[in-house]
Amino acid sequence: MTGAEATLFVDAAQVVTCAGPARARRGGEMADAGVRVGVAVAVTGDRIAAVGPRPELERAYPDAAIMPCGGRVLAPGWVDSHTHAIFGRPRADEQELRAAGVDYLEIARRGGGIHASVRDLRQRSDDALFMLALGRLRRLAAYGTTTVEIKSGYGLSIEDELRSLGVIRRLAAALPMRLVPTWLGAHEIPPEARATPGTRNRYVQMLVHEMLPRVAEGGLARFADVFCEPGVFTLDETRTILDAARSAGLLLKLHADELAAGGGAELAAALGATSADHLGAISSAGIAALAGSSTVATLLPGTMLFLGRRTQAPARDLIDAGAAVALATDFNPGTSPTPNLPLVLMLGVSQLRLSVAEAMIAGTVNGAAALGLADTVGQIAPGFSADLALYEVEDVRELPYWYGDRRCVASWVRGKACSQFDLAIT
Ligand SMILES: [Zn+2]
């Protein structure tokens, strides 16, 4: 290793390493975020090479460039493992309707909800969708997020789902952030498939036999996801779709038990899904199933807050049972339009009763595990990708404290400055 390509990150008040096993942290393992004081971080090329006392690293890398951290906190870049970032217009109108007491069925009857986003996306060009998502993902990056999972799911036709996944591929080439594409053709039953009895089943068959093969052949997605919830896709339909997706080489995710306990968490564990997401209404059997499996429980407290619900997923019960919990934004136009992952960590502490260390692990290591990337990102430890973020705070406990405020001052992905970072938010 030559010193010329090395950089030493020095003078951080704290380095939150999250270092440990390269896998999901479960139960009590989440209690330690590996906060270190008085250490520097050596980056060579796109990797973290060493964490240790500055004099030691200066001897090992005598020609290294110096990146002064100025008494701030250095942490792994956030891994936002659940977003729906490919969409058209914001649905700000629905927020006011909800406040006035209009329920989601009535909002849908008036032309709102997921179907509003579907109609909107189908009318937009690929370039328009690309430009909208580009700006929105830069906002996620501005809060310290360096890895983002992005789902399709507002197309709900072969053409429009493939277009959405194609836009994600273009974004991955255009942005320094690490993007993980998920096929969510099973986000909803589209209106045209609701017309007559039997068309619903034809939509599921079309997903499995026509859309999925195109997604897999094109290498357009790493994950397949299904909205498994009473009134959306049933357990049987979910199993049919995800079995086919696994056979096609995709990893699995589920939207499970968001509003009602319908056995989604149990199905995720039985299928060996990488994650089960939402879980606002998970049953005790579901908690036990996840705790006894390798499936990460991904919680989205911003969604419950935004919808004005007074309940949250039982994060404490999940962790105490031995499950691995991740936190993500659920960034989407209808139920969680926030790009701010530290705000979600604040909700993790204040609403889900996580410790700061548990919230940090949930936004880094366990987010990475929810994307099958636990050996690549989420830790400041030798061999991991140099995905870093620097915050204008002196103590890690301030990250989920200054809620809503953007404290991230710089971020790096694969050892390179996240190029969008310094652009003004306009
Ligand atoms: Zn979602």
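In each ligand, atom 1 is the first atom listed, and ligand 1 is the first ligand listed. Sequence positions, counted from 1, serve as the residue numbers for this chain.
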Check D127 with R170, please: is the shortest side-chain N to carboxylate O separation under 4.0 Å?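 Answer for the salt bridge query: yes.
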Should the ring pair Y391 and W78 be called parallel, tilted or perpendicular, given that the plane angle runs from 0 to 90° and is split at 30 and 60?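 Rings of Y391 and W78: tilted, 30 to 60°.
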Please check: side-chain N/O of E94 versus main-chain N/O of R91, any donor-acceptor pairing under 3.5 Å?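 No; zero donor-acceptor contacts below 3.5 Å.
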Could you check if a side-chain atom of V226 sits within less than 4.5 angstrom of a side-chain atom of L242, using non-hydrogen atoms only?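 Yes, close enough: below the 4.5 Å cut-off.
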When the side chains of residues 201-208 are checked against the rest of the protein, which donor-acceptor pairs come out under 3.5 Å, sequence neighbours left out?
residue: Y203; atom: OH; partner: G185; partner atom: O; Å: 2.8
residue: Q205; atom: OE1; partner: H209; partner atom: NE2; Å: 3.1

What protein N/O/S atoms sit under 2.8 Å from the Zn ion (ligand 1), by chain and number?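 Under 2.8 Å from the Zn ion (ligand 1) - ignoring waters, which are not counted - the protein N, O or S atoms are H82 NE2, H84 NE2, H255 NE2.
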Closest non-hydrogen atom pair, A289 against A269: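 The pair with the smallest heavy-atom distance is O-CB, 3.7 Å.
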